[in-house]
There are 2 protein chains.
Amino acid sequence: MATNTKDRILDSAELLFAQQGIASTSLRAITDHADVNLASVNYHFQSKDALVQAVLNRRLNPINQKRMELLHALLHRPDGVPPTVEEILEAFYRPVTEEAIKTRREGRPIVALIGRMYTEPGELLASQIRAMMSQVAAGYLDALSIALPGIPPPILFWRLQFSVGVLAHTFGAMHLIEGLARGRVNVNDSEDVLRQMIAFAAGGLRSPVQ
Amino acid sequence: MATNTKDRILDSAELLFAQQGIASTSLRAITDHADVNLASVNYHFQSKDALVQAVLNRRLNPINQKRMELLHALLHRPDGVPPTVEEILEAFYRPVTEEAIKTRREGRPIVALIGRMYTEPGELLASQIRAMMSQVAAGYLDALSIALPGIPPPILFWRLQFSVGVLAHTFGAMHLIEGLARGRVNVNDSEDVLRQMIAFAAGGLRSPVQ
DNA sequence: CCATTATTAAAACGGACGTTTGACTGAATG
DNA sequence: CATTCAGTCAAACGTCCGTTTTAATAATGG
């Protein structure tokens, strides 16, 4: 557990948001879990809305930064070999998967929050996500259009969104998938899940255009 | 607008749940919108939780029933021709798409709620969805294993979940996708969206197993 | 028509919510 | 040593929440 109040609030808020949802999590539940005073939330974050933004920024900014780094590395390899669809997808999926692995190891299963935020209601949240995603989406769309020159851009746009959906749903509805699996698959083997997602999305991206 | 109180409540609740989320929608907001008395919710539905279940059941039961009918029709065609992957996917996707078209035509854009419910927090909701989905998922998994005999069942299970993710994210995050599209695609052409989803998921389901 | 049941209505219940206030702490600064 | 100031704290603010109560009003069946 973090030692300073601000990080304790962020940690507890993130965990409870992931477990119960944002709207259903009260500031009192957060401050009780973090063992800090109720008023310290408004002191450090001004409002609950701002706290929500801070929680998401702290987790998503590193992920999206990593995505851009990995993509840049793929596009500027010393040998000049253009990246495959699978490599582009791995660059997009892996940073989230790594967070899933790390936070689960720490006993803080917060990846459901990452998967859920795309569909959380509220215009404030939506515009924040849109601002974060727009440059990442543009970069990956460019890369994919090079790797898949035969796919018209509008169709590639849809297929990138579908690839996002694969990731978001897998981590956002993991508890549901686990219940449906009845032991047929091991949902905790994140590396295997990553492999499965990449193979599926690669097949989807490459799917023949009627 | 419906004439009886019970349906007016269901209609308003469904719309507001879709627009603002379940937790953020109060019974007072629902009864104000439906122009009925506040106490009538607890009279007709006992509790808010039960109202939520009723809203989802009313919309999802016909969808899942239609899914099973379409699948049954595919599997028992007079000519005995086994269904293609695309046909199975269309049977799974179309009932939701039809609801999207119908409710948008009625000026009641509630499809975001259908896309979002997979990731809504709360164990009560999760168990309800799981109960609804389990037989549908089992039926479609069987059909897919016939159409794709080369894919091992555990991998097919993942890929069916990914196909659900494509659908859920597309309709649940449509407002976000629309913002990212910047006019490159027409998100309101549901028949085109359906075609795109089928092509993508078919490619994903057929993707070679390393 | 009356008795009975189903439905609607207004009002209040206790509790939880996000936020604000004002006093208090302890360390840093001059 | 006095002062400042970021941080913490208990308490309260007004508002909204889901639910319940009690009474009034329709609808139904003998």
Side-chain angles (χ1 to χ4, degrees), chain A residues 1-58 113 116-117 120-128, chain B residues 1-58 113 116-117 120-128:
Chain A
M1 179 90 91
T3 57
N4 68 83
T5 301
K6 198 166 178 176
D7 286 336
R8 293 171 70 92
I9 293 172
L10 286 170
D11 286 346
S12 294
E14 180 179 63
L15 181 65
L16 295 178
F17 287 164
Q19 290 176 344
Q20 326 173 5
I22 295 174
S24 308
T25 301
S26 68
L27 296 185
R28 283 170 176 83
I30 294 169
T31 54
D32 283 357
H33 182 273
D35 203 28
V36 300
N37 188 271
L38 168 62
S40 57
V41 174
N42 287 282
Y43 176 78
H44 286 286
F45 300 95
Q46 288 77 51
S47 68
K48 185 185 178 180
D49 268 343
L51 170 63
V52 171
Q53 291 190 249
V55 167
L56 291 183
N57 277 324
R58 183 179 68 146
L113 178 62
R116 206 188 290 140
M117 48 163 218
E120 279 271 349
E123 190 43 45
L124 202 153
L125 225 53
S127 64
Q128 188 190 359
Chain B
M1 181 89 92
T3 56
N4 67 83
T5 301
K6 198 166 178 177
D7 286 337
R8 294 170 69 91
I9 293 171
L10 285 170
D11 285 346
S12 295
E14 180 179 63
L15 181 65
L16 295 177
F17 287 165
Q19 289 176 345
Q20 326 172 5
I22 296 174
S24 308
T25 300
S26 69
L27 296 185
R28 283 170 177 82
I30 294 168
T31 54
D32 284 357
H33 182 274
D35 201 30
V36 301
N37 190 270
L38 168 62
S40 57
V41 174
N42 286 283
Y43 175 77
H44 285 285
F45 299 96
Q46 287 78 49
S47 69
K48 185 185 177 180
D49 269 342
L51 170 63
V52 171
Q53 292 190 247
V55 168
L56 291 184
N57 277 325
R58 183 179 67 146
L113 178 62
R116 205 189 291 140
M117 49 162 218
E120 279 272 348
E123 190 42 45
L124 203 153
L125 224 53
S127 64
Q128 187 191 357

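Fair warning: this is a prediction, and the values are worked out from it, not measured in the lab. Computed from heavy atoms alone, side chains included, the values below leave out hydrogens, waters and symmetry copies. Lettering of chains follows the sequences in order, A, B, ..., and the numbering in each one begins at 1.
Residue A/Thr5 places none of its side-chain N or O atoms closer than 4.0 Å to OP1 or OP2 of D/dG7. For B/His44, a side-chain nitrogen or oxygen approaches OP1 or OP2 of C/dT8 to under 4.0 Å. Dashed line: the shortest gap from a side-chain N or O of A/Asn37 to OP1 or OP2 of D/dA10 is under 4.0 Å.
Here OG of A/Ser40 is found 11.0 Å from CG of A/Asn4. Values are rounded to the nearest 0.5 Å. For the atom pair CD1 (A/Ile9) and NE2 (A/His44), the distance works out to 5.5 Å, reported to the nearest 0.5 Å. A distance of 11.0 Å separates CD of A/Gln46 from CD of A/Gln53, quoted to the nearest 0.5 Å. Rounded to the nearest 0.5 angstrom, A/Leu16 CG and A/Ile22 CD1 are separated by 11.5 Å.
Taking the nucleotide of DNA chain D with the nearest heavy atom to each of B/Arg28 and A/Leu38, the more 5' of the two is matched to A/Leu38.
Atom NZ of A/Lys6 and atom P of D/dA6 are 13 Å apart (whole Å). Taking atom CD1 on A/Ile22 and atom C1' on C/dC17, their separation rounds to 17 Å, with Å as the unit. Here the C1' atom of nucleotide D/dG18 and the CZ atom of B/Phe45 are 15 Å apart, to the nearest Å. When the P atom of D/dT21 is taken as reference, atom OH of B/Tyr43 falls 15 Å away, rounded to whole Å. In this structure, A/Asn42 atom CG and D/dA12 atom C1' are separated by 14 Å, rounded to whole Å. B/Leu27 has its CG atom 19 Å from the P atom of C/dA11, to the nearest Å. Remark: P of C/dT8 and CD1 of B/Ile9 are 8 Å apart, rounded to the nearest angstrom.
Here B/Thr25 lies in heavy-atom contact (under 4.0 Å) with sugar-phosphate atoms only. Among the protein residues, B/Ser26 comes within range of the sugar-phosphate backbone only, with heavy atoms under 4.0 Å from sugar or phosphate atoms but none that close to a base.
Candidate nucleotides C/dG18, D/dT19, C/dT21 were compared by shortest atom distance to the side chain of A/Lys48, and C/dG18 ranks first.
A cation-pi geometry, defined here as NZ or CZ lying under 6.0 Å from the six-membered ring centre and within 45° of its normal, does not hold between A/Lys6 and A/Tyr43.
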